[in-house]
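Note that the structure is a prediction, hence the values are computed from the model and not measured.
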Amino acid sequence: MAKKAEPGKTQTNKSGPRAPAGKKPLTAIIDEEVIKEAKIEAIRQGTNLSRVTQELLQGWLAGTYKLRQ
């Protein structure tokens with residue numbers, strides 16, 4: 001039987017880290033240069049791309065962020 005992770009901790013397996021409880025990985029096809037620049041800016045702002053992506057998606061769903069037509 002697999003060991004359960006402590007609350008707030010991620011589980012790992014042979015294929016790499018797993019998402020925390022209540023979260024799922026997301027795969028998106030994005031231009032390499034955009035990813036590189038976004039990672040650098042996220043580091044400058046003390047965050048990560050997962051948080052940026054989540055907040056952008058939440059804003060889009062709430063109608064506070066609109067996609068360009």
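- Qualifying salt bridge (charged side-chain N to carboxylate O under 4.0 Å, His left out) partners for Glu37, counting only residues two or more places apart in sequence or in other chains: none.
- Salt bridge status for Lys36 with Glu32: absent, with no side-chain N to carboxylate O gap under 4.0 Å.
- Side-chain atoms of Thr47 do not come within 3.5 Å of backbone N or O of Ala42 as any donor-acceptor pair.
- Between the CG atom of Leu26 and the CG atom of Leu57 there is a distance of 7.0 Å, given to the nearest 0.5 Å.
- A distance of 12.0 Å separates CD1 of Ile40 from CD1 of Ile35, quoted to the nearest 0.5 Å.
- By the side-chain hydrogen bond (donor to acceptor under 3.5 Å, both in side chains) test, Lys23 is found to be paired with Gln54, residues two or more places apart in sequence or in another chain being considered.
- The CD atom of Glu41 sits 10.5 Å away from the CG atom of Leu49 when rounded to the nearest 0.5 Å.
- The number of heavy atoms from other shown groups lying within 6.0 Å of CG (Leu67) is above 12.
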